[in-house]
Amino acid sequence: DHKLSAGYYDKTCPNVQRVVRQVMAYKVAGEPAVAPAILRLFFHDCFVNGCDASVLLDGTYFSESEKDARPNASLRGFEVIDEIKSVLEHDCPATVSCADVLALASRDAVAMLGGPAWSMPLGRMDSRTADRDGAENLPSPHDNYTSLVSTFRERGLDARDMTALSGAHTVGMANCENYRRRIYGTDGDTNIDPSFAETRRQTCPDGDNEGGMAPFDEQTPMTFDNAYYKDLIARRGLLSSDQALYGSGGRQDNLVEMYSRDGKRFAKDFAKAMVKMGNIRPSKGTTVEVRLNCKMVN
Ligand code: HEM
Ligand SMILES: [Ca+2]
Ligand SMILES: [Ca+2]
């Protein structure tokens with residue numbers, strides 16, 4: 001099992017980084033919301049059997065898709081990955097894995113939102129299988145601190161990585177069903193600013209499945225900054241799993257306070273943790289390939 005490296009395609013597809021960046025720039029200009037969506041896709045890939053593009057596979061008669069798992073119901077941005085991949089198949093056929101396309105695209109998404117830029121190690125391979133059950137076990141917005149820590153730990157990420165990575169919720173939106181229990185107090189958590197809860201209730205009625213979306217970070221929902229941590233300190237975290245990092249006697253309070261003051265430190269730690277998350281490898285014995293079409297095995 002080889003080590004990932006930033007220069008993996010230097011000889012076989014020297015333009016890969018430029019192609020990804022150009023297609024991303026074009027797509028994000030047309031629809032900015034795809035940038036957060038792609039970042040989330042990468043997280044949901046890496047947390048299920050490693051970063052192997054398993055999340056991109058459609059279901060077939062023989063295999064279920066991770067897309068059909070509940071936590072993946074609102075994933076978006078697949079068409080962006082497909083478009084990047086089709087340009088790359090033209091430039092350097094059968095060379096760049098879908099898993100690497102997703103890794104690079106999510107790196108670029110962060111930079112385009114005003115976040116840090118970093119060098120992304122490459123050389124991932126694509127799996128020939130998906131794990132729907134694994135996707136059902138992705139972290140839930142109702143998870144408490146202890147279970148969040150153990151979900152990350154199982155994948156080689158410590159609590160500090162988790163706190164930095166959760167800062168991704170400085171961009172993007174969540175559906176009402178994912179924060180309803182928090183704003184109506186039915187999850188038993190009182191660690192919430194009452195006026196924030198009141199505001200959120202306006203667009204997220206109790207009881208039924210209706211309701212709109214809300215930004216994670218109200219002030220700068222499309223800027224990758226450290227405002228997420230300021231929100232947590234103000235007890236304005238949108239998900240229970242966000243607020244679990246701060247203010248309930250958790251052990252991340254000091255780090256949250258540091259990130260809220262020091263945006264550069266957050267940017268640096270986030271980039272580092274993304275490389276670490278991007279290094280989660282498929283389990284041994286997984287059959288791999290460079291997929292030609294990210295939606296289906298070769
Ligand atoms: C700590 C555990 C985490 C939980 C429980 C969690 C849960 C969620 C939920 C429930 C949503 C809203 C989905 C919807 O309603 O459509 C969401 C959105 C999002 N998540 Fe997470 N997440 C976690 C960690 C992460 C990590 C580590 C990243 C990336 C590094 C990430 C990136 C995102 C982004 C960017 C969005 C916004 C997507 C969009 O606007 O399209 N999340 N997350
Ligand atoms: Ca995966
Ligand atoms: Ca923000």
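Here the structure is a predicted model, which means the values were calculated and not measured. Just so you know, these numbers use all the heavy atoms, side chains as well, and skip hydrogens, waters and symmetry mates. Ligands are counted one by one from 1 in listed order, and the atoms in each one are counted from 1 as well.
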Under a heavy-atom criterion of less than 4.0 Å, does F152 contact ligand 1?
-> yes

Nearest heavy atoms of R153 and A159, plus distance in Å = NH2-N, 4.0 Å

Kindly give the atom name of the N, O or S atom of D217 closest to the Ca ion (ligand 3).
-> OD2

min-distance protein heavy atom vs atom 11 (C) of ligand 1 -> F216 CZ, 3.7 Å

Parallel, tilted or perpendicular, as decided by the 30° and 60° cut-offs, for the rings of Y8 and H2 | parallel

At the Ca ion (ligand 2), what angle lies between atom OG of S54 and atom OD1 of D45, rounded to 10 degrees?
-> 90°

Does the side-chain hydrogen bond (donor to acceptor under 3.5 Å, both in side chains) test come out yes or no for D68 and S65, once each step is laid out?
-> CA-CA 6 Å; D68 295 325; S65 173; 4.7 Å; no

Are the side chain of K85 and the backbone of V96 linked by a donor-acceptor contact shorter than 3.5 Å?
-> yes

Residue of the set R182, R236, R235 for which salt bridge (charged side-chain N to carboxylate O under 4.0 Å, His left out) holds with D193 | R236

Can we say D58 and K295 salt-bridge, meaning some charged N sits less than 4.0 Å from an Asp/Glu carboxylate O?
-> no

Classify the ring geometry between F224 and F270 as parallel (under 30°), tilted (30 to 60°) or perpendicular (over 60°).
-> tilted

Taking the six-membered ring for Trp, are Y228 and H169 parallel (under 30°), tilted (30 to 60°) or perpendicular (over 60°)?
-> perpendicular

Name whichever N, O or S atom of D225 ends up nearest to the Ca ion (ligand 3).
-> OD1

Report, in ascending order of atom number, the atoms of ligand 1 lying under 4.0 Å from any heavy atom of S241.
-> 5 (C)

For the side chain of Q243 and the backbone of G237, is there at least one donor-acceptor N/O pair under 3.5 Å apart?
-> yes

Protein residue, atom and distance nearest to atom 41 (O) of ligand 1, heavy-atom basis | R76 NH2, 2.8 Å

About how large, to 10 degrees, is the angle O of G50, then the Ca ion (ligand 2), then OD1 of D52?
-> 80°

Within the side chain of E66, is there an N or O that forms a donor-acceptor pair under 3.5 Å with the backbone of D131?
-> yes

Numbered atoms and elements of ligand 1 in range of S74, under 4.0 angstrom, heavy atoms = 13 (C), 14 (C), 16 (O)

Once rounded to 10°, what is the value of the angle centred on the Ca ion (ligand 3) between T220 O and T223 O?
-> 90°

among protein heavy atoms, the one nearest atom 40 (O) of ligand 1 is M173 N, 2.9 Å

Output the list of atoms in ligand 1 that are nearer than 4.0 Å to some heavy atom of N175, sorted by atom number.
-> 14 (C), 15 (O), 16 (O)

Applying side-chain hydrogen bond (donor to acceptor under 3.5 Å, both in side chains), run through N49 and S54 and close with a yes or a no.
-> CA-CA 8 Å; N49 197 36; S54 59; 5.9 Å; no

Protein-side N, O or S atoms sitting under 2.8 Å from atom 21 (Fe) of ligand 1 are H169 NE2

min-distance protein heavy atom vs atom 35 (C) of ligand 1 -> P36 O, 3.2 Å

By number and element, which atoms of ligand 1 are closer than 4.0 Å to a non-hydrogen atom of A37?
-> 41 (O)

Strictly under 3.0 Å, is any N, O or S atom of V48 next to the Ca ion (ligand 2)?
-> yes

Give a yes or no on whether a salt bridge exists between R180 and E177, defined as a side-chain N under 4.0 angstrom from a carboxylate O.
-> no

